[in-house]
Amino acid sequence: MDPIQLTPSAAARVAAIAQRQGKPAILRLSVEGGGCSGFQYRYGLADTVEADDVRVDTDGVALVVDPVSLDLVRGAAVDFVEDLGGAAFRIVNPNAASGCGCGASFSV
C-alpha cells in the first residue's frame, strides 16, 4: 500500500489545473507549523520532483511529499470534493488527533 493516496477525483482536478497553467501534473503536499490547530496543509503545483520526495501516481498525476511532511500525513488520502460549501482539496488524515472547522489545519 502507498504511504499516501491521491484519489481519482483529486487527480482529475490537478490534471485540469496543470493543463490550464501549462505545468506538469505534479501536486506537492507539505505540512507547515501554524494554522488554527498547530499544523497546516499546503498544496501547490510543482515543476519537479525532488530526490528525497515520496511520489505516488494516480491516473497520470503525481502527488509528491517531502520526508518530514510525510511523517505527519502517512496513510492519508488527498481528495477533491464539491458540495454546497464549494469545491476544495481535502485530506483524510488518520494521524490527526483533531482538526479545525475549515479542514486546512490539524494537530497530532
Side-chain angles (χ1 to χ4, degrees):
M1 183 171 158
D2 289 324
I4 190 166
Q5 296 176 22
L6 181 67
T7 67
S9 65
R13 184 65 178 178
V14 171
I17 293 169
Q19 184 177 28
R20 262 199 321 269
Q21 294 185 8
K23 292 190 165 201
I26 304 170
L27 178 66
R28 176 167 297 284
L29 168 65
S30 61
V31 177
E32 298 176 355
C36 338
S37 298
F39 293 102
Q40 59 189 349
Y41 301 113
R42 290 278 181 224
Y43 307 95
L45 290 178
D47 292 320
T48 60
V49 178
E50 302 298 326
D52 61 347
D53 283 339
V54 171
R55 176 183 177 147
V56 176
D57 291 289
T58 303
D59 299 337
V61 175
L63 170 65
V64 295
V65 183
D66 66 87
V68 173
S69 296
L70 184 62
D71 286 342
L72 297 166
V73 296
R74 186 176 301 278
V78 178
D79 196 10
F80 182 77
V81 293
E82 294 183 78
D83 56 28
L84 291 175
F89 287 100
R90 298 239 171 93
I91 295 204
V92 179
N93 186 351
N95 304 303
S98 65
C100 66
C102 66
S105 68
F106 66 102
S107 66
V108 290

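Counting from 1, the numbers follow the sequence of the chain as shown.
Closest approach of D59 to A11, counting heavy atoms only: CB-CB, 4.4 Å. Across all their heavy atoms, A76 and I91 have their closest contact at CB-CG2, 3.9 Å. Between A25 and A18, the shortest heavy-atom contact is CA-CB, 3.8 Å. In this structure, A15 and V61 approach most closely via the heavy-atom pair CB-CG2, 3.9 Å. Considering all non-hydrogen atoms of both residues, P24 and D47 come closest at CG-O, 3.6 Å.
Hydrophobic clustering (side-chain heavy atoms under 4.5 Å, transitive across Ile, Leu, Val, Met, Phe, Trp, Tyr) keeps V14 apart from V92. Residues V49 and I17 do not share a hydrophobic cluster, clusters being chains of Ile/Leu/Val/Met/Phe/Trp/Tyr side chains in contact below 4.5 Å.
Residue pairs satisfying the ring pair (Phe, Tyr, Trp, His ring centres under 6.0 Å) criterion with at least one member in residues 45-81, sequence neighbours excluded, are listed as follows: F80-F89. Sequence neighbours left out, the pairs with a member in residues 20-29 that pass salt bridge (Lys or Arg N to Asp or Glu O under 4.0 Å) are R28-D53. Every pair passing salt bridge (Lys or Arg N to Asp or Glu O under 4.0 Å) that includes a residue from residues 78-87 is listed here, sequence neighbours excluded: D83-R90.
Annotation: Q21, atom CD; neighbour count of heavy atoms from other residues, nucleotides and ligands within 6.0 Å is above 12.
N93 places a side-chain N or O within donor-acceptor distance of the main-chain N or O of L72, the cut-off being under 3.5 Å. Listed for the T58 side chain is a donor-acceptor partner under 3.5 Å among the backbone atoms of L6. A donor-acceptor pair is defined here as one N or O able to donate and one able to accept, closer than 3.5 Å; such a pair exists between the side chain of S69 and the backbone of V31.
Y41 has its side chain out of reach of V78: every pair of non-hydrogen atoms, C-beta onward, lies at least 4.5 Å apart.
L63 pairs in a side chain to side chain contact (heavy atoms under 4.5 Å, CB included) with only one of the listed residues (I26, D2, I4), which is I4.
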